[in-house]
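One structure is given here, and the rest of the page talks about it.
Since we're looking at a predicted model, the values are computed, not measured. Just so it is clear, the values below take in all heavy atoms, side chains as well, and ignore hydrogens, waters and symmetry mates.
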Amino acid sequence: MRPIAAITLAALLALPLPLATVQAAETAGSGPMHALSLYGDIKYPADFTHFDYVNPEAPKGGAIRLSAFGTFDTLNPYTVKGTAAFGIGLTQTTLTVPSADEPSTEYGLVAQTMELAADRSWLIFTLRPEARWSDGQPITAEDVAFSFQILKDKGQPLYNSYYSNVTGVEVLDAKRVKFTFSPGENRELPSIVGQLPVLPKHYWATRDFAETTLDQPVSAGPYRITSFEPGRQITYERVKDYWAEALPVSKGMNNFDRIRYDYYRDVTVTLEGFKAGAFDFNAEHSAKNWATEYNFPAVSEGHVITEKVPVKGPDREQGFIFNMRRAQFQDPRVREALAYGFDFEWTNQTLFYGQYTRTRSFFENSELAAVGLPGPEELKILEPLRAQIPPRVFTEEYQPPVTDEAKGGLRANLKKALDLMKEAGWTVNAAGKMVNAAGQPFTFEILLRQADVERMVLPMVKNFERLGITATVRTVDTPQFISRVQSFDFDMVSAVWLQSNSPGNEQRDLWSSAAADIPGTSNLAGLKNPAVDSLIESVIAAPTRADLIARTRALDRVLQWSFPWIPHYYGAFERIAYWNVFGRPAVTPDRGVVFQAWWFDSEKAAKVVGRKGGF
């Protein structure tokens, strides 16, 4: 389960992890509930006052600047067309919101209570009477029903797969709406329906939802847009009479009076802007920058704080994705061979200062990752699918190529790659080019959107050249990148996607055969395998956490041995740097920083030299 409408600042809203202790939960069929949980454990009782990772007395105020990369041309984040503005989720609302310190629990926001049938066949939301839109109109059950239908009809393809087991929505009265579910085990359906973005029916009734728009929409979130220049900046202002301000899920959150995102199109310029005090918070994703660029005077003087925050659980999975719709990538031996061209050990030591660990799982840094050989519980899941999955799933532990100097180093890896290419029917001709039986050369393009990634890609391209393979690199701007990725118009792409500690329906969008043929889905690889489809459904239907772990590991194994990517790397931490103008809660969840819970500290800000401040 991955929240699809989470309100985030700088993409830093943490996703949940399991706790050691939880209290007994309300259960299906027990009447109206204040929360929904995937497996029945709820940490916070009905009378809770605030989450543990916030300061309920956090002061409100202050104006901060953040950075955004690329550009934007729409204020509607829910459709395929256009590039939505950073921070637009601050203006939006949902029926429920997740806590950041539980694996899969949703608490009521627009929804005051939730009533789940004993057989989990339906769910009724009762809306809060105080919930209202920015134009003063109340949020109604009609709005909820409209939102569900418009997102399925005209929203991103994700919504169709995410809500495919919802068979109906019925308005019971002005404040009650009922969702009906198809038969079968899909335990997270109630929770993911709770994540439904709620949209104003009266606003969208006269507008085309599928088109881009720069009209400021009617909204119901804690912030409203005050100004924007497409591709340059967008500014949000805290709603002083926000209808949900006093709710337990809002206490200690949304503390800044104004938030401005300034857009940059070059990562080097972005960092220099941060150093100059042009914006206040930077999540640093470059190991090189972290090692070499954070020694400027403001750091040594204490005006800028740098910190590595430990995180647990899967989050950013990244790699070079093969587009298996392309003929040259349809043989798994070819995809396996090309992975030997990426020298992670050299890359990590030379470019990343040894800061990373090689990714080997699609659920890395979590108990969901497949390791060793399949255990008894996994074998029960995998055996019926044996004829449809790679045989090595049962006999070998997957490990991406390692450049071991004691075993021949890169030269040995490239020899292995040549052997695999030969098995797949490719040979090197007299001109030193890799060709197929028809004499056609092996060529492909690697699509990027950030020039700084080229320093990692170009050495790999050189290694491919030694194999007789011609790979070109093309770096494009953000709108073109998004358009090409959404239409699957690429050979290989460097991509990042989010996973959660409770995978479920979103795996259909990532890996299912149906998603492979729908532009705009996250199945960038174009993977089509009935065994993967079956494993996804088994993950969705997992009745217990233990079952979820076993079924996800089984899925992970099949994905690993299908070679849909050349995996990158991960670090079990967030690198953050910020001007010393913030207060923050005493508790940080295991999944990392919840920036929404920080606040502006005016006394600190008065002492900071170099921050430009205000706007």
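No side-chain donor-acceptor contact under 3.5 Å links Asn186 to the backbone of Asn165. The backbone N or O of Gly108 lies less than 3.5 Å from a partner atom in the side chain of Arg128, making a donor-acceptor pair. When atom types are taken as modelled, the side chain of Tyr107 and the backbone of Tyr44 share a donor-acceptor pair closer than 3.5 angstrom. Side-chain atoms of Asp533 come within 3.5 Å of backbone atoms of Ser513 as a donor-acceptor pair (strictly under, hydrogens ignored). One N or O on the side chain of Glu188 and one on the backbone of Asn505 form a donor-acceptor pair closer than 3.5 Å. Between the side chain of Arg591 and the backbone N or O of Lys312, at least one donor-acceptor pair lies under 3.5 Å. Side-chain N or O atoms of Asn160 include one that pairs as donor or acceptor with a backbone N or O of Lys152 at under 3.5 Å. For Asp73 (side chain) and Thr83 (main-chain N/O), a donor-acceptor pair under 3.5 Å exists by modelled atom type. Not a single donor-acceptor pair under 3.5 Å links the side chain of Gln486 to the backbone N or O of Ser483. Listed for the Thr96 side chain is a donor-acceptor partner under 3.5 Å among the backbone atoms of Gly194.
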Are Arg545 and Asp41 close enough, and set up right, to give a salt bridge (Lys or Arg N to Asp or Glu O under 4.0 Å), and what steps lead you there? CA-CA 11 Å; Arg545 178 72 187 176; Asp41 292 327; over 6 Å; no
Going through the distances and angles, do Glu537 and Arg508 end up as a salt bridge (Lys or Arg N to Asp or Glu O under 4.0 Å)? CA-CA 8 Å; Glu537 297 308 309; Arg508 291 171 174 162; 2.8 Å; yes
Go through the steps for Glu211 and Lys154 under the test salt bridge (Lys or Arg N to Asp or Glu O under 4.0 Å), then give the verdict. CA-CA 9 Å; Glu211 294 299 317; Lys154 295 188 175 183; over 6 Å; no
Could you walk me through whether Asn529 and Gln388 pass side-chain hydrogen bond (donor to acceptor under 3.5 Å, both in side chains), step by step? CA-CA 8 Å; Asn529 185 324; Gln388 299 172 318; over 6 Å; no
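Relative orientation of the Trp565 and Trp497 rings is tilted, given thresholds of 30° and 60° on the angle between their planes.
Residues Ser361 and Tyr398 fail the side-chain proximity criterion, which asks for heavy atoms closer than 4.5 Å. You'll find the side chain of Gln137 reaches within 4.5 Å of the side chain of His202, heavy atoms only. Taking the side chain as every heavy atom from C-beta outward, Pro98 and Thr105 never approach each other to under 4.5 Å. Counting heavy atoms from C-beta on, the side chains of Arg557 and Ile389 never come closer than 4.5 Å. Taking 4.5 Å as the limit, some side-chain heavy atom of Leu151 sits within range of a side-chain heavy atom of Leu199.
For the residue pair Asp509/Thr521, the side-chain donor-acceptor check at 3.5 Å is not satisfied. There is a side-chain donor-acceptor pair under 3.5 Å between Asp119 and Ser121. Defined by atom type and a distance below 3.5 Å, a donor-acceptor pair is present between the side-chain atoms of Tyr162 and Gln195.
The six-membered or imidazole ring of Phe69 lies away from that of Phe86, with a centre-to-centre distance of 6.0 Å or more. Remark: aromatic rings of Phe322 and Phe329 are close, center separation under 6.0 Å. Checked against a 6.0 Å centroid threshold, the rings of Phe148 and Tyr159 do not count as neighbours.
Between Asp491 and Arg326 there is a salt bridge, since at least one side-chain N of the basic residue sits less than 4.0 Å from a carboxylate O of the acidic one. Ion pairing between Glu397 and Arg360 holds under the 4.0 Å rule for side-chain N and carboxylate O. Using a 4.0 Å cut-off between charged nitrogen and carboxylate oxygen, Lys43 and Asp52 count as a salt-bridge pair. Taking 4.0 Å as the cut-off between side-chain N and carboxylate O, Asp556 and Arg553 do not count as a salt-bridged pair. Ionic pairing of Asp517 and Lys528 is present here: one or more N-O contacts between side-chain nitrogen and carboxylate oxygen are shorter than 4.0 angstrom.
A cation-pi arrangement is present between Arg386 and Phe394 under the rule of less than 6.0 angstrom and at most 45 degrees off the ring axis.
When the options Leu527, Val532, Leu385 are evaluated for a side-chain contact (heavy atoms from CB on, under 4.5 Å) with Val558, the one that passes is Val532.
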